[in-house]
*Asks:* 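Below is one structure. I have some questions about it.
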Amino acid sequence: QVQVVESGGGLVQPGGSLRLSCTASGFTLNNYAIGWFRQAPGKEREAVSCLSSSDSSTYYEYIVRGRATISKDNAKNTVYLQMNNLKPEDTAVYYCAAQWDYGVGYKCLMADDYIHWGQGTQVTVSS
C-alpha cells in the first residue's frame, strides 16, 4: 500500500538547520506529487513546500521562501525538506503527503487533494 513516513525532526536553536525526510513505500516518486505541510497548536495547517513530478518543478510557500529547499532522491524513494535559519515560529508538527500527479503543478501546495499522509515529525525551535 502507499505510505509516506517522516523523520528528521527535533530540537534546534534559532538560526539552526534541519533536514526532514519523507520516505515513500508502495509507489515510486516519478508519478506523484509530494507536499510538506506543518501545523502548530491552535493554528491552521499551512503549506511549506511541494514537488510536482508532472512539471518537474518545486514550489514554496511565501513564509519560507529563501529558507527551505525541497529535493528528492529517486534511488532512495525519499523526498527531503532542508530548512535553514530556523525561527521559533517554525515550531510545528511537519507532515508529508502524496497524491497521484495527473498534472498538479503549483496546486501541490493545496492540502485538500492529498490522499496519503504521514504521521508527522515534531520540529521545535527554541533557545
Side-chain angles (χ1 to χ4, degrees):
Q1 61 182 24
V2 174
Q3 289 184 324
V4 288
V5 179
E6 307 94 335
S7 62
L11 176 63
V12 185
Q13 293 184 340
S17 299
L18 279 177
R19 189 182 71 165
L20 306 182
S21 298
C22 175
T23 299
S25 61
F27 68 101
T28 55
L29 295 174
N30 59 314
N31 292 321
Y32 279 76
I34 302 294
W36 282 100
F37 302 85
R38 68 187 185 186
Q39 188 166 23
K43 299 186 68 176
E44 296 290 327
R45 178 180 58 193
E46 62 182 359
V48 179
S49 181
C50 63
L51 185 154
S52 176
S53 297
S54 62
D55 63 359
S56 300
S57 297
T58 59
Y59 302 91
Y60 300 92
E61 182 58 49
Y62 174 79
I63 195 170
V64 299
R65 288 180 189 269
R67 301 190 297 117
T69 302
I70 190 171
S71 61
K72 68 175 180 177
D73 185 334
N74 287 330
K76 296 182 178 180
N77 224 33
T78 298
V79 174
Y80 303 99
L81 179 68
Q82 178 73 38
M83 294 282 290
N84 301 321
N85 192 24
L86 286 162
K87 304 175 181 181
E89 53 263 42
D90 294 318
T91 296
V93 177
Y94 284 69
Y95 300 91
C96 69
Q99 64 173 299
W100 177 262
D101 196 342
Y102 63 92
V104 172
Y106 76 93
K107 294 185 183 295
C108 64
L109 288 171
M110 302 178 182
D112 289 347
D113 289 335
Y114 286 91
I115 299 174
H116 310 285
W117 290 81
Q119 294 299 307
T121 184
Q122 177 71 48
V123 173
T124 302
V125 184
S126 176
S127 299

*Asks:* Show me the donor-acceptor pairs within less than 3.5 Å that the side chains of residues 119-127 make with the rest of the protein, sequence neighbours left out.
*Replies:*
unit_1 : atom_1 : unit_2 : atom_2 : d
T121   : OG1    : G9     : N      : 3.1
Q122   : NE2    : A92    : O      : 3.4
Q122   : NE2    : T124   : OG1    : 3.4

*Asks:* Tell me, which pairs form a disulfide (SG to SG under 2.5 Å) where one or both residues lie in residues 33-78, sequence neighbours left out?
*Replies:*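 Residue pairs with at least one partner in residues 33-78: C50-C108.
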*Asks:* Do I63 and L20 sit in one hydrophobic cluster, given that two such residues count as connected whenever their side-chain heavy atoms are within less than 4.5 Å of each other, even indirectly?
*Replies:* yes
*Asks:* Who are the side chain to side chain donor-acceptor pair (under 3.5 Å) partners of D55, not counting sequence neighbours?
*Replies:*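 Here the qualifying residues are S52, Y59.
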*Asks:* Which donor-acceptor pairs under 3.5 Å do side chains of residues 67-82 form with protein atoms, sequence neighbours excluded?
*Replies:*
unit_1 : atom_1 : unit_2 : atom_2 : d
R67    : NH1    : N85    : O      : 3.1
R67    : NH1    : D90    : OD2    : 2.8
R67    : NH2    : D90    : OD1    : 3.0
R67    : NH2    : D90    : OD2    : 3.4
D73    : OD1    : A75    : N      : 3.1
D73    : OD1    : K76    : N      : 3.3
N77    : OD1    : L29    : N      : 3.4
N77    : ND2    : A24    : O      : 3.1
N77    : ND2    : F27    : O      : 2.7
T78    : OG1    : T23    : OG1    : 3.3
T78    : OG1    : K76    : O      : 2.9
Q82    : NE2    : N84    : OD1    : 3.0

*Asks:* Between Q1 and Q3, what is the shortest heavy-atom contact and its length?
*Replies:*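 Residues Q1 and Q3, closest heavy atoms: NE2-NE2, 3.0 Å.
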*Asks:* Please report the closest heavy-atom contact between D101 and S53, naming both atoms and the distance.
*Replies:* OD2-N, 2.8 Å
*Asks:* Sequence neighbours left out, what passes side chain to side chain donor-acceptor pair (under 3.5 Å) with E89? Give chain and number order.
*Replies:* none
*Asks:* Test: salt bridge (Lys or Arg N to Asp or Glu O under 4.0 Å). Region: residues 106-127. Which pairs qualify, not counting sequence neighbours?
*Replies:*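 Applying salt bridge (Lys or Arg N to Asp or Glu O under 4.0 Å) to every pair that reaches into residues 106-127, excluding sequence neighbours, yields R45-D112.
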*Asks:* Membership question, hydrophobic clusters at under 4.5 Å side-chain separation (ILVMFWY): are Y60 and I34 in the same one?
*Replies:*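 Same cluster.
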*Asks:* Could you pull out all residues at least two apart from E46 that satisfy side chain to side chain contact (heavy atoms under 4.5 Å, CB included)?
*Replies:*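 E46 satisfies side chain to side chain contact (heavy atoms under 4.5 Å, CB included) with R38 only.
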*Asks:* Taking only residues at least two apart or on different chains, which pairs with a member in residues 10-36 satisfy salt bridge (Lys or Arg N to Asp or Glu O under 4.0 Å)?
*Replies:* none
*Asks:* So, for A40 and T91, which heavy atoms are closest and what is the spacing to 0.1 Å?
*Replies:*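 Looking at all heavy atoms of both residues, the closest pair is CB-O, 3.6 Å.
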*Asks:* Each residue besides L11 in its hydrophobic cluster should be listed here, by chain and number; the cluster joins Ile, Leu, Val, Met, Phe, Trp and Tyr at side-chain heavy-atom distances under 4.5 Å.
*Replies:*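 Direct or chained contacts put L11 with none.
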*Asks:* State yes or no: do V2 and V4 share one hydrophobic cluster built from I, L, V, M, F, W and Y residues joined by side-chain heavy-atom distances below 4.5 Å, directly or via other members?
*Replies:* yes
*Asks:* Is there a path from W36 to L18 through hydrophobic residues (I, L, V, M, F, W, Y) whose side chains come within less than 4.5 Å of each other?
*Replies:* yes
*Asks:* Under the ring pair (Phe, Tyr, Trp, His ring centres under 6.0 Å) test, which residues partner F37, sequence neighbours left out?
*Replies:* Y114, W117
*Asks:* Suppose the criterion is ring-ring contact (aromatic ring centres under 6.0 Å, His included): which pairs have a residue in residues 87-106, not counting sequence neighbours?
*Replies:*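 Matches after skipping sequence neighbours: Y32-W100.
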*Asks:* Taking side chain to side chain contact (heavy atoms under 4.5 Å, CB included) as the test, write out the residues that go with S7, two or more places apart.
*Replies:* S21
*Asks:* Do the side chain of E61 and the main chain of A47 share a donor and acceptor less than 3.5 angstrom apart?
*Replies:*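 Between the backbone of A47 and the side chain of E61 there is no qualifying donor-acceptor contact (under 3.5 Å).
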